[in-house]
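Remarks on the structure that follows.
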Amino acid sequence: IMLHSTLALSLLLIAVTSNLAMAIKKEKRAPQTLSRGWGDEITWVQTYEEGLYQAKKSNKPLMVIHHLEDCQYCQALKKAFAENEEIQEMAQNNFVMLNLMHETTDKNLSPDGQYVPRIMFVDPSLTVRADITGRYSNRLYTYEPQDIPFLIENMKKALRLIQTEL
């Protein structure tokens, strides 16, 4: 009986350790960071409140990306966003970055509705920049993969507007 329970215990231990090893290996392969695929080198804040705090503290604009996993337009934009070196570099160095898969309670972040993908900028003075919009009049803050150059211009505009206004 003693031998039997020792054997059972060691088999259990082997099963647990190999599952753990597989879990660790899986973790390495796909880091589940706050980036959610938008850019693993970027430091992302976790909440809108944290984003506002960091923006004010660092004097950098906050960029808020609203998206959903099962939205094909979000996925396409995410891919273009993640692959663009200029965006990634600016996002890493000049912005406080937040991507959200739920709406915030701040109604200023949905001036023309709660659609995805939606990208908005918030000034370090904590003003939502309703004047930095995309190309579409029916969804002011949406961008498509081909709008990446336009998004880059808007990121530069968000940076320029801080310098001129503060």
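This chain uses plain numbering: 1 for the first residue, then up along the sequence. Keep in mind that the numbers below use all heavy atoms, side chains included, and drop hydrogens, waters and symmetry copies.
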Is there a chain of hydrophobic side chains (I, L, V, M, F, W, Y, each step under 4.5 Å between heavy atoms) that links [X] to [Y]?
{"X": "V64", "Y": "L52", "result": "yes"}
{"X": "Y48", "Y": "L34", "result": "no"}
{"X": "F95", "Y": "L151", "result": "yes"}
{"X": "L77", "Y": "I65", "result": "yes"}
{"X": "W44", "Y": "M90", "result": "yes"}

- Message: Would S110 and M120 count as a side-chain contact (heavy atoms from CB on, under 4.5 Å) here? Give the steps.
- Response: CA-CA 9 Å; S110 50; M120 298 193 71; over 6 Å; no
For [X] and [Y], which heavy atoms make the closest approach, and how far apart are they?
{"X": "A55", "Y": "P124", "answer": "O-CB, 3.5 Å"}
{"X": "L109", "Y": "P111", "answer": "C-CD, 3.4 Å"}
{"X": "A91", "Y": "M155", "answer": "N-CE, 4.0 Å"}
{"X": "C71", "Y": "V116", "answer": "SG-CG2, 4.1 Å"}
{"X": "V128", "Y": "N108", "answer": "CG1-O, 3.4 Å"}
{"X": "L98", "Y": "V45", "answer": "CD1-O, 3.4 Å"}

Answer whether the closest heavy-atom distance between the side chains of [X] and [Y] falls below 4.5 Å.
{"X": "T142", "Y": "R118", "value": "no"}
{"X": "V96", "Y": "S58", "value": "yes"}
{"X": "I42", "Y": "S35", "value": "no"}

- Message: What I want to check is whether the side chains of N93 and E89 have a donor and an acceptor closer together than 3.5 Å.
- Response: yes
- Item | Check: E83/Q88 side-chain N/O donor and acceptor closer than 3.5 Å | no
- Query: Distance-only, no hydrogens or angles: does the N84 side chain make a donor-acceptor pair with backbone N or O of I87 under 3.5 Å?
  - Reply: yes
- Query: Is there a donor-acceptor contact under 3.5 Å from the side chain of R135 to the main chain of Y143?
  - Reply: no
In Å and rounded to the nearest 0.5 Å, what is the [atom1] to [atom2] distance from [X] to [Y]?
{"X": "R36", "Y": "L68", "atom1": "CZ", "atom2": "CG", "answer": "10.5 Å"}
{"X": "K157", "Y": "I132", "atom1": "NZ", "atom2": "CD1", "answer": "6.0 Å"}
{"X": "H66", "Y": "N99", "atom1": "NE2", "atom2": "CG", "answer": "10.0 Å"}
{"X": "I119", "Y": "T133", "atom1": "CD1", "atom2": "OG1", "answer": "12.5 Å"}
{"X": "L100", "Y": "T47", "atom1": "CG", "atom2": "OG1", "answer": "8.5 Å"}
{"X": "K60", "Y": "L159", "atom1": "NZ", "atom2": "CG", "answer": "10.0 Å"}

- Message: Before you tell me yes or no, could you show the steps for R160 and E153 under salt bridge (charged side-chain N to carboxylate O under 4.0 Å, His left out), namely the whole-Å CA-CA distance, both residues' side-chain angles and the distance that decides it to 0.1 Å?
- Response: CA-CA 10 Å; R160 249 194 335 270; E153 283 313 303; 5.2 Å; no
- Do Y115 and Y141 pass the side-chain contact (heavy atoms from CB on, under 4.5 Å) test, and can you show the C-alpha distance, the side-chain angles, and the key distance before you say yes or no? CA-CA 9 Å; Y115 51 87; Y141 306 96; 3.5 Å; yes
- Task: Applying salt bridge (charged side-chain N to carboxylate O under 4.0 Å, His left out), run through E86 and K156 and close with a yes or a no.
- Result: CA-CA 11 Å; E86 193 176 357; K156 289 177 179 168; 3.0 Å; yes
- Task: Take K56 and L126 through the test side-chain contact (heavy atoms from CB on, under 4.5 Å) and record every step on the way to the result.
- Result: CA-CA 7 Å; K56 199 174 177 75; L126 308 188; 4.1 Å; yes
- Dump the intermediate steps for salt bridge (charged side-chain N to carboxylate O under 4.0 Å, His left out) on E144 and R139, then the final yes or no. CA-CA 11 Å; E144 295 188 340; R139 293 186 164 194; over 6 Å; no
- Task: Report, as yes or no, whether the 6.0 Å neighbourhood of atom CD on Q46 holds more than 12 heavy atoms from other residues, nucleotides or ligands.
- Result: no
- Decide if atom CD of E41 counts as having more than 12 heavy atoms of other residues, nucleotides or ligands within a radius under 6.0 Å. no
- Residue pair E69, K78: steps toward the side-chain contact (heavy atoms from CB on, under 4.5 Å) verdict: CA-CA 10 Å; E69 275 306 319; K78 179 195 295 190; 3.4 Å; yes
- Query: Below 4.0 angstrom, N of the basic side chain to O of the carboxylate: do R129 and D123 qualify?
  - Reply: yes
